[in-house]
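Here the structure comes first, spelled out in structure tokens, and everything after it is commentary.
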2 protein chains.
Amino acid sequence: MSEEFRMVWAEPLTAFCQRVFEKMGVPSQDARTTSEVLVMADLRGIDSHGVARLRRYYTGLKNGVMVPKPEMKVVHESPLTALLDGGAALGQVAGLKGMTMAIEKAMTSGVGFVSVRNSNHYGIAGYYSLLALKHDLIGISLTNSDAYVVATFGREVMLGTNPISVTIPAKEERPFVLDMSTAVATLGKMEVYSRMAKRLPPGWATDEKGRSCDDPARVLANIRSRAGGGILPLGGEGEEFGGHKGYGLDLLVDILSGVLSGSGNTNLLYPKTPEGKPLPSRVGHFFGALRIDLFRPLEEFKRDMDDLIRRLKESAKAEGQERIYIHGEKEFELEEKYRKGGIPLYFKVYEDLKAIAGEVGVHFDL
Amino acid sequence: MSEEFRMVWAEPLTAFCQRVFEKMGVPSQDARTTSEVLVMADLRGIDSHGVARLRRYYTGLKNGVMVPKPEMKVVHESPLTALLDGGAALGQVAGLKGMTMAIEKAMTSGVGFVSVRNSNHYGIAGYYSLLALKHDLIGISLTNSDAYVVATFGREVMLGTNPISVTIPAKEERPFVLDMSTAVATLGKMEVYSRMAKRLPPGWATDEKGRSCDDPARVLANIRSRAGGGILPLGGEGEEFGGHKGYGLDLLVDILSGVLSGSGNTNLLYPKTPEGKPLPSRVGHFFGALRIDLFRPLEEFKRDMDDLIRRLKESAKAEGQERIYIHGEKEFELEEKYRKGGIPLYFKVYEDLKAIAGEVGVHFDL
């Protein structure tokens, strides 16, 4: 274990990422935001969306898919809604702006929905829905993402792992923080199986012909080359285990993120020139915030949330199980642990950060 | 086949159900609404929620769980939201009122959300979200329901099959109509497996100790007696196939339906006196409607919906598959077929309707 991981602390890790973004031309505050979103993913144990992706952003900024100083503009606005054009901003920058607007509208009008077009990968969906928490609002955050997922009965990757995040406050208990991809498993998990040379569980993925496939390396190669096959939606293959439900949720997120915003959707998020040169990307997001006290007094609601959470957690466990979790709970516990004891970064990730520091020309002190 | 089913037509079936409800003291218009929701389920092939449940409503009205002439009241209202107390109305009556209010608010203010407390089983969730369609709104309909589902790692049934329905219009293509329970399978499906003496697929259900169980009769008996075990959430057992995601969606629906409304939730929907006499029930619903043109011109949105739907449907199929479906499509096709050629009712259901006619004392002409 000790050879595989390197412990790093959240604050210097954030500061390092910020330096990289600044060096790539991103204004200081935006560089800070983006770095915080990445490090929060690591702190919450979602390392597939953490600093391991710094190279992706660095490359995106270098090749013009992401714009360091974007012209973001509000295309259309009402007291309750807005359509924001991200101008190919870093997804975190457009995402923070979009969620902040949704929250402000909810504080003023009761409800706020903001649709964002022409953005990029925004990191973990939960970062944005969690922002609603300090205002005691229900927070919603959805995004579409690069096509890794096949439709039920389909053979081509036509959908992203399109996540759904909803945060709902409680009183003394931790809030409910749903933050889930609508696929049965993430690309990151396939990569872990591939590294360990393990077979995939049934119902996770399909091959070039759209048949069940347990070979992670083949699935990953096929997704990258668009050879056919990909990750299955939540519920797995066909309809027997509800795969059509996962497909429906995935498509719902794509409609609200891609179609409602007029951005790209399904496999059109990352356009290229006829010569194959990447163009600014067209990821879409959807943010929402909702005031609870429009329905009932906030304190009563929070008390009842505590009651529901406690009854669930105290209910009888399945044989061999010791705990029932509420969504977000594991992540809050990891965050506390990692803030105290440091974040375990894969040594490979650590080495890549060091390499980026060299390439970009910033100080590396982790 | 011909012995198992009896063909009936939608209109006389609706009229028959209406007569039963009227005889039970339900006002004519409410009796009509409730009957239409039931028959629409049969027309759309969701026969577990169709007239097969007439006895349940009949019994509910008889024993006071459902109130034929309820005092529904708006507890709290804003231009965007309302909290409606259903007064233990038939769920369809409270549901129609709630969704109608959400639509009216969206037409006036752009967005409408209505939370309903103290209601009953409202039939198919999709009936309500579909009402938004004629106004070109996005429609949302959620409800909690009787506890059949175990939490991930849990042994007791603590959640309902809590459905999510969202309807979104397209232009020439049929609308997207997601209408899915958040469990891996419904109680109705378990009953089908039980009747056919088939083993359940892995990951559908657990036994008294919370272990995987493939015996449908045992699962059904355990759910009814609350002996432990139940249906698993979408994604199945544990976390390997995303069961915690289905559990999270299920819990989200329960929070928005049960906690936001201040109604009952999880296993508290059907309270009883200490002597075991049923009390008026406390089912909660959540309805939403959202104007698309607050984000972008409606016609552009609908055109892009068509484009997305067509690209999905025309994309390559998995080996052995001939079609990729959009959600709602199968149901619209069944509805057309059944309106023309009649609805195939299980003979057992048909016989039960006849028996109810005798018990209640209304004319039976199906």
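Letters A, B, ... are given to chains in the order of the sequence lines, protein chains preceding strands, and every chain is numbered from 1. None of these values were measured; they are calculated from a predicted model.
- Contact of E319(B) with chain A is made through backbone and side chain together, with heavy-atom distances under 4.5 Å.
- In terms of non-hydrogen atom pairs under 4.5 Å with chain A, the most contact-rich of G246(B), P202(B), A82(B) is P202(B).
- When heavy atoms are compared at a cutoff of 4.5 Å, E240(A) approaches chain B by way of both its backbone and its side chain.
- Only the side chain of A151(B) comes within less than 4.5 Å of a heavy atom of chain A; its backbone N, CA, C and O stay farther away.
- Contact check for R311(A) versus M158(B): side-chain heavy atoms found under the 4.5 Å cut-off.
- Put simply, of G248(B), G203(B), G262(B), the one with the most heavy-atom pairs under 4.5 Å next to chain A is G248(B).
- With rounding to the nearest 0.5 Å, the separation of CD1 in I292(A) from OG in S115(B) is 11.5 Å.
- The closest donor-acceptor contact from the side chain of H327(B) to the backbone of L251(A) lies at 3.5 Å or more, if one exists at all.
- No part of K302(B) comes within reach of chain A, as not one of its non-hydrogen atoms sits under 4.5 angstrom from that chain.
- In this structure, the portion of R323(B) lying under 4.5 Å from any heavy atom of chain A is its backbone and not its side chain.
- Residues E156(A) and K317(B) are not paired through a salt bridge, judged by the lack of any N-O separation under 4.0 Å between the basic side chain and the carboxylate.
- The local environment of NZ in K330(A) is crowded, with over 12 non-hydrogen atoms from other residues, nucleotides or ligands closer than 6.0 Å.
- Of all the listed residues (T81(B), V75(B), L83(B)), the one sharing the greatest number of non-hydrogen pairs under 4.5 Å with chain A is T81(B).
- Residue L294(B) touches chain A through both its backbone and its side chain, counting heavy-atom pairs closer than 4.5 Å.
- Using a 4.5 Å cut-off between heavy atoms, L252(B) contacts chain A through both its backbone and its side chain.
- The contact between L260(B) and chain A is made by backbone and side chain atoms together, counting heavy-atom distances below 4.5 Å.
- With a threshold of 4.5 angstrom between heavy atoms, V166(B) approaches chain A through side-chain atoms but not through N, CA, C or O.
- Between chain B and the options L178(A), L290(A), D179(A), heavy-atom pairs under 4.5 Å are most frequent for L178(A).
- Contact of L232(A) with chain B is not made at all, since no heavy-atom distance falls under 4.5 Å.
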#### Entry: Pair Y247(A)-I326(B), side chain to side chain contact (heavy atoms under 4.5 Å, CB included): steps then yes or no
CA-CA 9 Å; Y247(A) 160 42; I326(B) 301 299; 3.7 Å; yes
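- Contact of P79(B) with chain A is not made at all, since no heavy-atom distance falls under 4.5 Å.
- Among V184(A), L234(A), D304(A), the residue with the largest count of heavy-atom pairs under 4.5 Å with chain B is L234(A).
- With rounding to the nearest 0.5 angstrom, the CD1 atom of I138(B) is 9.5 Å from the CZ atom of F113(A).
- Both the backbone and the side chain of F241(B) come within less than 4.5 Å of a heavy atom of chain A.
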### Message
Set out, in order, the CA-CA distance, both residues' side-chain angles and the distance that settles side chain to side chain contact (heavy atoms under 4.5 Å, CB included) for M180(B) and L249(A), then state yes or no.
### Response
CA-CA 9 Å; M180(B) 55 172 268; L249(A) 292 166; 3.7 Å; yes
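- Per-residue counts of heavy-atom pairs under 4.5 Å with chain B were compared for G320(A), G229(A), G236(A), P201(A); the largest is that of P201(A).
- Residue-environment remark: NZ (K209(B)) stays at or below the threshold of 12 foreign heavy atoms within 6.0 Å.
- Listed for the R155(B) side chain is no donor-acceptor partner under 3.5 Å among the backbone atoms of A318(A).
- By the 4.5 Å heavy-atom criterion applied to side chains, F295(A) and V259(B) are not counted as neighbours.
- L80(A) touches chain B through its side chain: at least one heavy atom from C-beta onward sits under 4.5 Å away, while N, CA, C and O do not.
- With hydrogens and angles ignored, the 3.5 Å screen pairs a side-chain donor or acceptor of K245(B) with a backbone N or O of S181(A).
- Contact count against chain B (heavy-atom pairs under 4.5 Å) is highest for A316(A) among A316(A), G210(A), G238(A), S315(A).
- In terms of heavy-atom pairs under 4.5 angstrom with chain A, the leader among G154(B), S261(B), G242(B) is G154(B).
- Atoms OH and OG1, from Y325(A) and T152(B) in turn, are 11.5 Å apart once rounded to the nearest 0.5 Å.
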